[in-house]
Each structure stands twice: as structure tokens, then as C-alpha cells.
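Have a look at the structure below, then the notes.
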Amino acid sequence: MKMHSSQVEEVCFGFSSYVNVENIPNLTDANEENAIGKTFEEVKAVLKTKKERDAKLLLRENAWHITDKVRSKLWPLLCQKLGTEDVNETFYGETVTMIFGTKDLPNRPMILPQFVEQSHCHNYYLTREGHKITERVISVIGYSHPDVTFSPVAFPLAALFMHFMTEEECYASMTNILKCKKPLVFITQTKLHYEVTWQTCLVLAKKFIKNAVISLQKQFGGNQSEVELLFSDCLWWIFNGIPFQHLVKVVDCFLMEGMKVLYRVSLALVQLFSKMGSSPGTEWEEQFNHGNYSGAMFTFCRNLPVTPGKLLKQAFGIRNFSSATMLKMQVRTELLVKSKASAAVTSGPNQLKRARSSENLPTTQSQVEVRMASHTLTIKELLTVWSWLPIRITMYQPVLLYTTEEHGCSLKTFFVRVEMHEPTILIIKTCSGDIFGAYCSARWEERNLKDDKGLRQTYFGTGETFVFTLSPERRKYQWVGLDPEPNDSDLNGKGEIKHSSELFMAADNHMITIGGGGGSAIWMDENVRFGKTEYCDTFNNPPLCPKGDFEIQLFDVDSREK
């Protein structure tokens, strides 16, 4: 719908000067019913109270018009809360000059970083100048964030920011989003995490909207691969599918709550599509009937038959969808994807090899490095632990972080020296000569993280964690959730791994625990002197030393440094 110049002047005040307002359809539509109409200052006051629940509800239920100027201040503020990057025009300008030699925009297209996917450089309603500035922001991000290797959502998100922000605000906001990785990254930054994201969305759909998935699979002729193919585009249903007005309101919530919002909205779209996908007389009917289900889904999203408010209501109406559940499912999916990737890498023609000699052992230099990482073990015992580590970890040099022999027996010292490192390998030698330990996948600092309600999370870590014994016997006990055929005792009534089998790591100022449910695989006191080991549901292990209770003779902790 084209607008008269008077209409443009009336509604464009909420956008930056880089937006081609005349091209935005339905821009003069009235607000949805029950508009909250909060001002930026009112929203800011709620955010300052640190009552996250109130802030989330406010953003979910808002009915600001697409042109409301609140976003030009709100979005930079929400992004700033995710990290530490402030808007620094001088720094950004100097960086632009250093990279390009000038602050002037070039006439030709820029060479974008490798993490960008050219087919998804969506600029929405930006002018030509706005698009070039987005390219420049992304190029600077590529220069300042070399660790980002695959982030196809980065460009469309930056382009969306440019509708409401200055160039410097856009850069600072993108930097804060890329830095924020707890409890999950806001946008994928590697090919692995991109793969994990859509597969997690499929797993969540099978759990929370099971009937919709079953209905679609029946409509697809029972073809599971078609369902997987459909979900592989779940991020693009949002960033290149739903109407602009819907996308902006989804991002209002996304900047507050992160990836959970994208998962919820994706599931809501699947629910709606399962009901209306093959509806006669619709624009997507022919695609659906000819088996082009992905094409039909995009056409459906572009012609979404519900308002932005109703889409969010559908998304947040999915019950029992907690951040903790989402995190556990994503972690488990990541482990499965990594497992498949490792199998492919180690068996394929370009297989990744550990630094091994002809005797199938680490090279001489590697053995020296491994030996330096423990005061407790013989080289034979260290090589046994080496063989149990994830293959990617064996590529890095081992570093001794803490040993009671040098640093004393104190849990406080343990945390000071160890808590910022990931992963860690704990090795205990008891006064009775027993040797056992654990591979801990998460940082010990996560003991201080809080959930959505402001409560400390008792347990943390992922299913990559495992425990082991070296003396009197050598054996590894991995997470029961990795068993392709888990025992009935490991499952709940719904056929899922029960909660007590997902307790990996816990700690406070008085103890550390590894494993839980029925007991602790390893428990140690605050003086790092005494401990106990028991059967636990997490690893389905027996006590790791015969007596169960033990006195520590030596305790080493090492990590792998990139």
C-alpha cells in the first residue's frame, strides 16, 4: 500500500533515517486492542527493579505500533543489559577508518565476513544507504570477532536494528548479543550451534506440540525426512517469513528473553500451519498439495492469518515450556550432534587424528605435556584418561590448575584457581591408594548462576560429564542419557530421562558434588580432606572406591587450554 507524503510524515518518527517508509505495507493500520501504551521511561523503571517476570510480561503483552519511538531507546538498552559494550562513536569511527581507510560509504558492494550467508542478507525496508551501513557494521564485527565462524542471523538482525538505531548503536548492540552466552547464545555463531538450534526446535516440538507434529507428518505421507527438512528452516520462518510488524514484536521479547522466544514462536507457527497448511483457497495450498511443504510454510508465514499479538499469545501459551527444560534439551541435542560429527570426522577420508605415535600413543612431546598436568598419575594412567576425553579436547595442551601438593587443601582456593576454566579433569588419590575422578564439562563458576525466578541453580553442567576409576580398576561411567537403549529405571513415565539422572555438577562454599539422584558419585568437603562416593542415577555407577568414604591424599585438577 502506497502512502501519501502527509501520511509518511505522520508515522515515520519511530524509524531511523535509513528506512524507506513508503515501502512498508499496512503501516497506518491501527494498534491492536488493549494497547498498553507504556512510555520508555515507564519500561525503563520496570527493568531497573530487576523483576524479570514483570519486564517479560510487559514486553510480551505490549501493543506499541510499529512506528512507536519507544524502540529507538528500548532496543539499545535491552542489548546493553546483555553485555558491557557501550556506544562509543570515536572507537567505532576509528575502527571503520582503520579497516576501510575512510568513513565514506563505498559505491560497490563490500566483501562480507565468512560467517555471513549471502542468501540471508535480508535488509527489510532499509534504503540503499541503510543496507550499505549494515554491511559496514557486519564487516567491523567480522574484524573484531574472529571467533564467530557461522552466524547467518547476524546480518538480518543488524539490518533490523538499523531501522531503529544509529550505526554506532547497532554495532554496540550486536557486540553485546554476540558476547552474551548464558545460559544460551542469543544467535548461533558456529555451524555446530546452527545445526543444534533447528534440531532442538524439532525435539521441543515433539515434546510440547506433539499433536501438531503428528498431524503434519501424516499430511506429509509419514515422511520423517520432510519434517526434518521443514524444521531446518525454523529460524527463517521468523527472520524471512512472518510480516515485518510481527517480526518487530517478536524481537521486542527476544532481546529480553533470548533463544527461548524464537523456539516458542517457531512452535506456534507449526501449530498454526498444521491446522491451516492444506486449507483450500489459500495462497500456499498448491505448494502444499505438490509436496513443497517448506515453500508452503514460507508462503503461510508471509500471509500469517493472525495478528502479532495473537502470535505471541499462541507462542507463550505453550505450557510447561521452561528455560531449564529448553536448556537441557539443547544440551542433549548438542551432545548427540557432536557425537555424530565426531564419528564422521574420525571415520571419514579427512579424519581428524589425535597427536599419536606409531604405537597408538600420544607423541613424545604430547606425553610430556600430559605428564605435567598431574602430580597424581603414572603416564599409563594419564593415557587411559586421555583415551576417554572427547576428541576435540585432546587437540589442546593440558594445564595443571590446582593441586593440593602445591596449593593447599581449600575449596576456596580451588574455586579461585579453577572456576573460570572449562572443561576440567578432577583426579583424586585416596590415603588407601584408590584413584578415581571426573571429567566436568562446565565451568565451576556456574554454581552462582540464577534462574528466571532469581534462585540459585542447584545443579549445572552437561551430559558430556563423566566419572571414572583408575585403581583398583579402570573404568569410565558416562551419562545414562547417552545410552541408546537406557534402562527403564533411567526413564520417567513418559519415556524420557528422569530428572534425577540429569544432575551433573553442584557446588557451594562448603562442598562440591558430581552426579546425583540416589547418592553422589563424588562428594568432597570444604577442606578438600574427606569425601564419599556412592551409586548415583546420573552415571549408574557403583561407589568409585571400595569403602565409599575416603580421605584425600592428593587432589589434582587440570584443564585443556586452546
With heavy-atom distances below 4.5 Å as the criterion, would you say the side chains of [X] and [Y] are in contact?
{"X": "Phe40", "Y": "Leu77", "answer": "yes"}
{"X": "Glu168", "Y": "Phe91", "answer": "no"}
{"X": "Leu269", "Y": "Leu311", "answer": "yes"}
{"X": "Cys440", "Y": "Pro423", "answer": "no"}
{"X": "Tyr124", "Y": "Val19", "answer": "no"}
{"X": "Thr188", "Y": "Trp198", "answer": "no"}

For Phe504, the option from Trp479, Trp444, Tyr459 that meets ring-ring contact (aromatic ring centres under 6.0 Å, His included):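 Only match with Phe504 under ring-ring contact (aromatic ring centres under 6.0 Å, His included): Trp479.
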What residues, two or more places apart in sequence or in another chain, satisfy ring-ring contact (aromatic ring centres under 6.0 Å, His included) together with [X]?
{"X": "His120", "answer": "His122, Trp236"}
{"X": "His246", "answer": "none"}
{"X": "Tyr293", "answer": "Phe220, Phe288"}
{"X": "Phe321", "answer": "Phe208"}

Partner of Ser215 by side chain to side chain donor-acceptor pair (under 3.5 Å), out of Lys218, Gln217, Gln219: Gln219
Listed once per pair and sorted, the side chain to side chain donor-acceptor pair (under 3.5 Å) pairs that draw on residues 136-161, sequence neighbours left out: Arg136-Glu167, Ser144-Tyr171
From CA spacing to verdict: salt bridge (Lys or Arg N to Asp or Glu O under 4.0 Å), Arg447, Glu419: CA-CA 9 Å; Arg447 71 189 189 281; Glu419 67 177 4; 2.7 Å; yes
Any donor-acceptor pair under 3.5 Å from His65 side chain to Thr67 backbone: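 Side chain of His65 to backbone of Thr67, a donor-acceptor pair under 3.5 Å: yes, one is there.
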Ring geometry between His163 and Phe15 (parallel below 30°, tilted from 30 to 60°, perpendicular above 60°):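 Perpendicular, since the angle between the ring planes exceeds 60°.
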Residues which pass salt bridge (charged side-chain N to carboxylate O under 4.0 Å, His left out) with Arg264, listed by chain and number, not counting sequence neighbours: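 With sequence neighbours excluded, Arg264 shows a salt bridge (charged side-chain N to carboxylate O under 4.0 Å, His left out) to no residue whatsoever.
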